[in-house]
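Report on one structure; see the data block that follows.
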Amino acid sequence: MRREWMEIVEHNAVAKDTYRMVLKGQIAEEVKDPGQFVHIQVSERFFLRRPVSIADVHPDKSEITLLYKVLGDGTEALTEKQTGDKLDVLGPGGQGFPVEEDVREALIVGGGIGVPPLYYLAKQLVEQGIKVTTVLGFRSKEESFLVEEFKDLGAVYVTTDDGSLGEQGLVTDRTGELKGSFDTYFACGPTVMLKAIANQLDDVRGYLSMEERMGCGIGACFACVVHTPEDDEKGYRRVCCDGPVFKAKEVVL
Amino acid sequence: MRREWMEIVEHNAVAKDTYRMVLKGQIAEEVKDPGQFVHIQVSERFFLRRPVSIADVHPDKSEITLLYKVLGDGTEALTEKQTGDKLDVLGPGGQGFPVEEDVREALIVGGGIGVPPLYYLAKQLVEQGIKVTTVLGFRSKEESFLVEEFKDLGAVYVTTDDGSLGEQGLVTDRTGELKGSFDTYFACGPTVMLKAIANQLDDVRGYLSMEERMGCGIGACFACVVHTPEDDEKGYRRVCCDGPVFKAKEVVL
Amino acid sequence: MDISISLPGLDLKNPIMPASGCFGFGKEFAQFYDLSDLGAIILKAATGEKRYGNEAPRVAETSSGMLNAIGLQNPGVEKIVNEEIPFLKAYDTPLIANVSGSTMEEYEHVAATICKEVDALELNISCPNVKEGGVQFGTDPRLAEEVTSRVKSVSTVPVYVKLSPNVTDIVALAKAAASGGADGLSMINTLTGMKIDPATRKPIISNQTGGLSGPAVKPVAIRMIHQVYQAVNLPIIGMGGIETTDDIIEYMLAGASAVAVGSANFKNPLICKELIEQLPEALERYGFSSIEEVIGGAHHETAASGLFRA
Amino acid sequence: MDISISLPGLDLKNPIMPASGCFGFGKEFAQFYDLSDLGAIILKAATGEKRYGNEAPRVAETSSGMLNAIGLQNPGVEKIVNEEIPFLKAYDTPLIANVSGSTMEEYEHVAATICKEVDALELNISCPNVKEGGVQFGTDPRLAEEVTSRVKSVSTVPVYVKLSPNVTDIVALAKAAASGGADGLSMINTLTGMKIDPATRKPIISNQTGGLSGPAVKPVAIRMIHQVYQAVNLPIIGMGGIETTDDIIEYMLAGASAVAVGSANFKNPLICKELIEQLPEALERYGFSSIEEVIGGAHHETAASGLFRA
Ligand SMILES: Cc1cc2nc3c(=O)[nH]c(=O)nc-3n(C[C@H](O)[C@H](O)[C@H](O)COP(=O)(O)OP(=O)(O)OC[C@H]3O[C@@H](n4cnc5c(N)ncnc54)[C@H](O)[C@@H]3O)c2cc1C
Ligand SMILES: Cc1cc2nc3c(=O)[nH]c(=O)nc-3n(C[C@H](O)[C@H](O)[C@H](O)COP(=O)(O)OP(=O)(O)OC[C@H]3O[C@@H](n4cnc5c(N)ncnc54)[C@H](O)[C@@H]3O)c2cc1C
Ligand SMILES: Cc1cc2nc3c(=O)[nH]c(=O)nc-3n(C[C@H](O)[C@H](O)[C@H](O)COP(=O)(O)O)c2cc1C
Ligand SMILES: Cc1cc2nc3c(=O)[nH]c(=O)nc-3n(C[C@H](O)[C@H](O)[C@H](O)COP(=O)(O)O)c2cc1C
Ligand code: FES
Ligand code: FES
């Protein structure tokens, strides 16, 4: 983990309100696992950093790729950054998705802006010979992204709220049907989606990546705390350093 | 007076910590008198605008020239603006130097960053056939500017604190000697200098341009108020709209 | 969307007005836009006699805000009535006079003199920048109640009491104003602050302390309005750091029925007009179907218009 | 320049330390720099028993600041003593424990337990984010005096009382702490604030209100320290929005003998170390010949070192 001024080497729109940014710097060489994130200081105007997942890594080029969606003032201001600009980045942070030895068939479930970290995960899984099936949910076709990239890695099912791409409906419409075809699932997306998935796939090993508002992003301030089930002695987990990825039953959604 | 996003058409260093900025916009066409100023919003980081005098005007090109010195965070941040950028400007503000009909021989006295508005004044005076003599004071040669430009308009005497340009000393060392050779003086510079000049040239008609910290810059907030002599019924003047230029005996220095 | 609001004494075309002391007596802003566009105008403070105020420097910049210590400079209530208000009467906008003073008697005198010329009074018991009077009326509930009731008894128009945020218990002050007969509340005035210049080693403001305004204080104002809305049944004019329509909506959700824009007028002299133009669209974007639905909306499970107070 | 300072119980290599709650128990920052570089470390709040704190969201961004409502989450004083402090003892830096509680007895218990392991206590009577206890001790002078004297009587190390800015009269609270036997003051804790999301129409922080920190509050902190320095003869640890060496100098000129850096650690985890490195040069640039000359400098015609208090 370090604080570094990373150089923006690419920055372009990839879908409605969604941007791809490639950053160059040493942080890229320190990424351990898919699912880790960077904590970005957008500009002096903003007091808090913004957490954004690492969507891809090229350690050889010292580059990481981020995909972000404009959801407020900070992400809006981020769109104004130009190639060549330097960005104040803290990272890589958190515990990512473990790629355990005994995974054979993986299901990946992503919703909206939860999709990015799953791409780097899927690549890693495929590299290790694991079969990957992906279910992606978006609001609409124009907000969808990374679909073609996932297709290069295995079967991909897409659902959209309005049916403009793939099937109309929710990811759970599809994941239920796929049950039995995978031994482990990996999910990232809105909390309602994570809850639905965790309920539906209650008996399957699963990993979830969570979101919470952060202060420090390094484990010191206890802003990002979530509850654990009653039998857990510690009683809490910090999303920024114990997570963002947790075992499906490790935390209360 | 208007609020306008003016375009920066030139921006370069002219002396130590001193920059020249040329701005294009309608405000240029509305300047009445030399000595008026613009109120600049440097960026969203700053809550208050910064007052900067208009140092020259080209109404035909819709351009004004400013000269500013880096004295704090706002002026420091201003140096980062690039040609082509737009700047949020309010102006032109205030009452400038009157160019009265019966002026024949004018003395101009400028100190440091008080020099800029006097340049446009001198040009206007010369245009009307008035003889202009100029005394400029700077800390040192490397902080001096506009000296050659003033030389095109009349005799110029320069004093510097360290003697690196012109004579070592204060402007008052020279202005005292010049007494008798002018019927009106026009001064702008640090308050100590204005006081010294006003005392020394007590019996001569004079105009002084004053500085005070401003809020609104348009006369509404009463931040920039200065005292008047006891016999003045109103009791105060606002630098931003009654001034910044006052008759030498109109305000208490 | 219709954004008009009726409050005691005030029929507002829209809930947006300039805050006291940040708009003078309107003349300077009249060169930028038609003042009839405003919901109302709150005038600069009036005192019994002419006041020069504090020495300059009177303002200092801070992070996301500014300090001011004008010290209630004004020409005195008679001159305001004779020389300033006539200009404003030409506009089709309600006027609110900001009544200040050092003694109960001065408050009464100013209120009695100016109330005939305006639609409502804003009783300024919260100015932190004068040595005598003003702020102790705003920090001691007993004095707050008394000055309110004395001003109420001489005023022919509704009285909005302007509260100071420099208190341990804002609800106690709001209740005191209510007991004194206030028709509404105006909150907040500035937070007392100081800035020291490392180069001169002295406070920048010659009065040493000044009142902090701007977005820096907004969270404190929102919290206080949220508290007071729950405890006191009076309409609130909210203020402190308003710069955007989101800020206005935040104030109204907390419990304000109207808002005042102060130091942002210095950044952008057109801000009030621009906010007035933008507000209907902003309300629609957030799914509000009326302005009443916004007021106090943060307190309701579903923002029911029945809970509107005016 | 030598920037060391001696305060009751604390020999500080430099006047800069992380503020309570913004640095955990140091582990996370130890990966960025050597904690022995710090003037001291103020630990996260300790209470008698383990606390979970408030529900998330616990933070919200504001203009030049942030709100937090962590709610004193901590593993309880026993675990802090057994599992957290040993790690910090390996560093050559004085430790200050932040003592919190809901009752007089809890404060006493925590203080008595933790004082054996640290160099000083910071008595937190100012946390705005817990329903029970904490803040009423910091707003009522009688309670403040009593809790101070009870903690003093059980503590074997000096006690710095941390004051809340959410009060009408900060000097009264400072005097109460002094009467209770405080060895120093720590000021300020956060200002209570709120932020409402126009989209959800609810406060962002699940506790509704939170404590405002960051540069937004600096003018209030500077004003309060300036007031208290004149009225109470105790050394002050100053805090609130410190991000630069100019800020540190401003705090010390107002009257602080040392400073704490809080939420700026979230922006830049290396900030304390960087400020420590930059401070000597900054002091020289402003013509100070010693760190003592800075302390309270805004109060003296000429900044005389004789007026240093430690
Ligand atoms: C571990 C993690 C990974 C994430 N990865 C991505 C990603 O790859 N791509 C992406 O587009 N978004 C991602 N997010 C969400 C992203 O952090 C928010 O969309 C972003 O912070 C919003 O900032 P803003 O300034 O636009 O919104 P504002 O609402 O203006 O932000 C105000 C404050 O709230 C915080 N905030 C607002 N929404 C969220 C949120 N959903 N989660 C956490 N903090 C929030 C901001 O960080 C900021 O502190 C991730 C969040 C977390 C916790
Ligand atoms: C009528 C007028 C005309 C001026 N013309 C020029 C000019 O042509 N060129 C030039 O370089 N400077 C000029 N100045 C001074 C210039 O306004 C200040 O140097 C500038 O505001 C400093 O801003 P800063 O952010 O760098 O300093 P900071 O100290 O960071 O500023 C903080 C605040 O203090 C105010 N402030 C600080 N110093 C002054 C000052 N001397 N006068 C007024 N406000 C101040 C700033 O405007 C700002 O609000 C003029 C001032 C006035 C009043
Ligand atoms: C320069 C200045 C002068 C002010 N004068 C007055 C005043 O005379 N009477 C008053 O009640 N409030 C006065 N205020 C306070 C404002 O009316 C308002 O309550 C405060 O500034 C918060 O709003 P803002 O953050 O939008 O500026 C003044 C504020 C400023 C900045
Ligand atoms: C996330 C967070 C947690 C805090 N926790 C505590 C605490 O446990 N005890 C305490 O006395 N102060 C606590 N504070 C207050 C800080 O110690 C400090 O007084 C305040 O934040 C002002 O400093 P700053 O503006 O530099 O952050 C906390 C502040 C923040 C931002
Ligand atoms: S954000 Fe600070 S502990 Fe997680
Ligand atoms: S700056 Fe507002 S009146 Fe002059």
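Just so you know, these numbers come straight off a predicted model, no measurement behind them. Order of the sequence lines sets the chain letters (A, B, ...), proteins ahead of strands, with each chain counted from 1.
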Discussion item. Quick check on R139(B): does its CZ atom have over 12 non-hydrogen neighbours (other residues, nucleotides or ligands) under 6.0 Å away?
Written reply: no
Worksheet item: Taking the side chain as C-beta and beyond, is there a heavy-atom pair between F47(B) and P215(C) under 4.5 Å?
Response: yes
Worksheet item: Of all the residues in residues 21-45 of chain B, which have a heavy atom that comes within less than 4.5 Å of a heavy atom in chain C?
Response: Q41(B)
Worksheet item: Heavy-atom distance under 4.5 Å to chain C: side chain of E233(B), backbone, both or neither?
Response: both
Worksheet item: Going from CD1 on I218(B) to CZ on F266(C), what distance comes out if it is rounded to the nearest 0.5 angstrom?
Response: 8.5 Å
Practice prompt. Give, for atom CG of L90(B) and atom CG of N268(C), the distance between the pair rounded to the nearest 0.5 Å.
Written response: 8.5 Å
Item to complete: Go through E28(C) and R238(B) one step at a time and tell me if the side chain to side chain contact (heavy atoms under 4.5 Å, CB included) criterion holds.
Response: CA-CA 13 Å; E28(C) 294 77 17; R238(B) 289 163 295 181; 3.4 Å; yes
Worksheet item: How long is the gap from NE2 on H227(B) to CD on E55(C), to the nearest 0.5 Å?
Response: 3.0 Å
Discussion item. Rounded at 0.5 Å granularity, tell me how far CZ in R213(B) sits from CD1 in I205(C).
Written reply: 9.0 Å
Practice prompt. Sort P57(C) into side chain, backbone, both or neither according to what part of it lies under 4.5 angstrom from a heavy atom of chain B.
Written response: both
Fill in: chain B contact via Y52(C) - side chain, backbone, both or neither, heavy atoms under 4.5 Å
side chain
Worksheet item: Where does A60(C) contact chain B at under 4.5 Å (heavy atoms): side chain, backbone, both or neither?
Response: backbone
Worksheet item: M214(B) versus R58(C): any side-chain heavy-atom pair under 4.5 Å?
Response: no
Fill in: Leading residue by heavy atom contact count with chain B [cutoff under 4.5 Å; candidates L270(C), I204(C), V59(C)]
V59(C)
Practice prompt. Work out which heavy atom in V225(B) is nearest to a heavy atom in A56(C); give both atom names and the distance.
Written response: O-CB, 3.8 Å
Discussion item. Please identify, among G235(B), G219(B), C224(B), the residue contributing the most non-hydrogen atom pairs under 4.5 Å to chain C.
Written reply: G219(B)
Practice prompt. Considering non-hydrogen atoms only, spot the tightest contact between K50(C) and K234(B) and give its length.
Written response: NZ-O, 3.9 Å
Fill in: Portion of Q73(C) that has a non-hydrogen atom of chain B nearer than 4.5 angstrom
side chain
Worksheet item: Where does S63(C) contact chain B at under 4.5 Å (heavy atoms): side chain, backbone, both or neither?
Response: neither
Worksheet item: Near K249(B) NZ, under 6.0 Å, is it more than 12 heavy atoms from other residues, nucleotides or ligands?
Response: yes
Item to complete: Say whether, by atom type as modelled, one donor and one acceptor occur between the side chain of R49(B) and the main chain of K267(C) under 3.5 angstrom.
Response: yes
Worksheet item: Any side-chain heavy atom of K44(C) sitting closer than 4.5 Å to one from F222(B)?
Response: yes
Worksheet item: How many angstroms lie between atom CG of N265(C) and atom SG of C216(B), to the nearest 0.5 angstrom?
Response: 9.5 Å
